[in-house]
Number of protein chains: 2
Amino acid sequence: MKKYKVVLDCMGSDKGVEMMVRGASLALSEREELELMLVGDGEAIVEAVKREEIDPSRVEIVSTSEVITNYDSPAEALFTKRNSSLVVALSALAKREDLVGLVNAGSTGALIAGAMMHLSLETRVRPALAALLPAERGGFVCLVDTGATIDCGPETLAHFARLGSDFMRDMYGIENPRVGLLSNGKESTKGNKAVKAAHAILAEDDRISFVGNIEGTNALSGDCDVLACDGFAGNQVLKVTEGTARRIITDIVKIAKSEGREEYMALAGQLMKRYDFNSLGGGIILGVRKPVIKAHGASNEQSIKNVIHMILNLAANKQAFEGRE
Amino acid sequence: MKKYKVVLDCMGSDKGVEMMVRGASLALSEREELELMLVGDGEAIVEAVKREEIDPSRVEIVSTSEVITNYDSPAEALFTKRNSSLVVALSALAKREDLVGLVNAGSTGALIAGAMMHLSLETRVRPALAALLPAERGGFVCLVDTGATIDCGPETLAHFARLGSDFMRDMYGIENPRVGLLSNGKESTKGNKAVKAAHAILAEDDRISFVGNIEGTNALSGDCDVLACDGFAGNQVLKVTEGTARRIITDIVKIAKSEGREEYMALAGQLMKRYDFNSLGGGIILGVRKPVIKAHGASNEQSIKNVIHMILNLAANKQAFEGRE
């Protein structure tokens, strides 16, 4: 059986090394082909690996002495903290062929900057942080960008559309992902200047299956597999969805209490799970040589496990596609 | 008693003249101080006024022969269709002191362009279409812009913030409306280029009470009375909220059916009413000399009545404020 080794940066999570290793343990127990490189505080990792009774032959432990935190300036920390878990993890991933991807739950800025520095495919391309969100009609929508590049010109938007298309092919084996462009109306004449110009570029692009503009009402309906937008707009889609879901669920709880309708509480719980998009995984850095995923700082072991599995699926599918072509 | 005469353009609604006059009749029956100028197909209006048994002394009927539709180019139609209900209504509003504001349910583009042409306060100011949305903690948030000006520089964003602040004072008598700026993070360093520059302008502006950046999660929470953004982002806030609400309510209906839980249907109905922001009124054109409101094309008589009352409240409050100052 072909083995896939994923790098797990164990530092920087809100919940500490132990939780990261619990996630690693869950992932290993579910997928035989998985191996892990665990990077961070060596002592704490060794202890946690023993406690979780992880088979030592499936993990490689790399001990580092520094941590890049949210308080560090990302660009600076990548140069000054050379023995940080993130820098060591990224440079190993860049150099070693057997490593297929990386998971981190620390500073988003440092991860994006570091991934661009160590793993970039092309020069002068802006980074993209994608999110996989559950579509209304089933499946997932890849929203790209969600905040890595706030100001985007038309070429950057078109580039994000192509990155998202490649990603959905690698991730789910969708041969021709439907690519939409977020706008304020369906017609090609709608949009801000960058969106209108991006529409013209994408309409002529043979590499992707462009379905045109998508409005906010249908951002996550499933009308497209990939939704391209700048980081400012993508952030609004994510956060307005989150805010609206929170508000409606709060309303249901209030109605349940004020009208003494106990039965509504179960429904509120059900919806809360369904719309807790945070637990699904995290941000995926697109446009780099190997998959790099930012898990949320508050991830629990299930989320970490899910994210490790995403890397595994990406690596295996990518190989299948590349082998076929 | 001081009388207030509101102009109602009876043409262009999806539901015809009759429905507009039914809305007029409801509004007149609830507010003694109201008078109306009804503009449009004279015969149809006279007939509807009789059918609704409206007191003829409270309405002035102005008959016009043309209609500007959604198929017309707004800028062109304003010049070529000189006897359209909209052009006649706007020019009467501009010329006559006794007219306090205008309601229309037709072409948004033509209404905005026409209002800027006939009623603009300053030259070289971009138009803004605001929406009043129910805040999570009660009251309303004035979202400005929602789609009139898609590309905005920092000065335009700051201008919209001030227009929204004046509007909330006139509409609800809030002395110092809290003004927020939509961004992708709370910190002043977050935002696209225009938003960051607008933040710096607003932070120095003594005329308004600036509360800083507001994220999408809290766009409608009630952290601010006015939320300034460009028309592209405002359109996303409106439509993503609408799409998320529709999706969750649809989920509740599906759960009710699949789990045989009849009682959830009542809740779905209750939420559908609460989150049907369309029925609330319409878009308010800010930055013009007198209040002009675009009601939705699909408005029913209740929505038309609500919008007429909004104009009445604006006119009365504005007078109160101006009298005091």
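These numbers come from the heavy atoms of this one structure, side chains and all, not from hydrogens, waters or symmetry mates. Letters A, B, ... mirror the listed sequences (proteins, then strands); counts begin at 1. As the structure is a computational prediction, the values presented were derived from the model and not from experiment.
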Do A:D230 and B:N192 touch side chain to side chain, with heavy atoms closer than 4.5 Å?
no
So does B:E263 get a backbone contact from the side chain of A:Y264, meaning a donor-acceptor N/O pair under 3.5 Å?
yes
Taking atom NZ of A:K190 as the centre, report whether more than 12 heavy atoms of other residues, nucleotides or ligands fall under 6.0 Å from it.
no
B:L238 vs A:T217, side-chain contact (heavy atoms from CB on, under 4.5 Å): CA-CA, chis, key distance, verdict
CA-CA 8 Å; B:L238 266 183; A:T217 353; over 6 Å; no
Between B:I248 and chain A, which part of the residue has a heavy atom less than 4.5 Å away: side chain, backbone, both or neither?
both
Kindly indicate whether the side chain of A:R274, heavy atoms from C-beta on, has any atom under 4.5 Å from the side chain of B:I255.
yes
Who wins among A:N235, A:I252, A:V240, A:T241 for the most heavy-atom pairs under 4.5 Å with chain B?
A:V240
Most heavy-atom pairs under 4.5 angstrom with chain A, which of B:G234, B:G231, B:G191?
B:G191
Which answer fits B:I249, side chain, backbone, both or neither, if we ask what part of it has an atom under 4.5 Å from a heavy atom of chain A?
neither
Assess whether a salt bridge exists between A:K239 and B:E215, defined as any Lys/Arg side-chain N lying under 4.0 Å from an Asp/Glu carboxylate O.
yes
Would you mind checking which part of B:A268 comes under 4.5 Å of any heavy atom in chain A, side chain (CB onward), backbone (N, CA, C, O), both or neither?
neither
Turns out that what part of B:L182 lies under 4.5 Å from chain A's heavy atoms comes down to both
Less than 4.5 Å to any heavy atom of chain A: does that hold for the side chain of B:L267, its backbone, both, or neither?
both
Top residue by heavy-atom pair count (under 4.5 Å) with chain B, among A:E259, A:E136, A:E242?
A:E136
Considering only heavy atoms, which portion of A:A233 lies under 4.5 Å from any heavy atom of chain B: side chain, backbone, both, or neither?
side chain
Close contacts, residues 145-158 of chain A versus chain B, judged by heavy atoms under 4.5 Å:
A:I150, A:D151
Backbone of A:S183 reached by a side-chain donor or acceptor of B:Q236 within 3.5 Å:
yes
Is B:D251 close to A:L271 at the side-chain level, that is, under 4.5 Å between some pair of heavy atoms?
yes
Any side-chain heavy atom of A:N218 within less than 4.5 Å of one from B:R246?
yes
Need one label for A:N184: side chain, backbone, both or neither, based on atoms under 4.5 Å from any heavy atom in chain B.
both
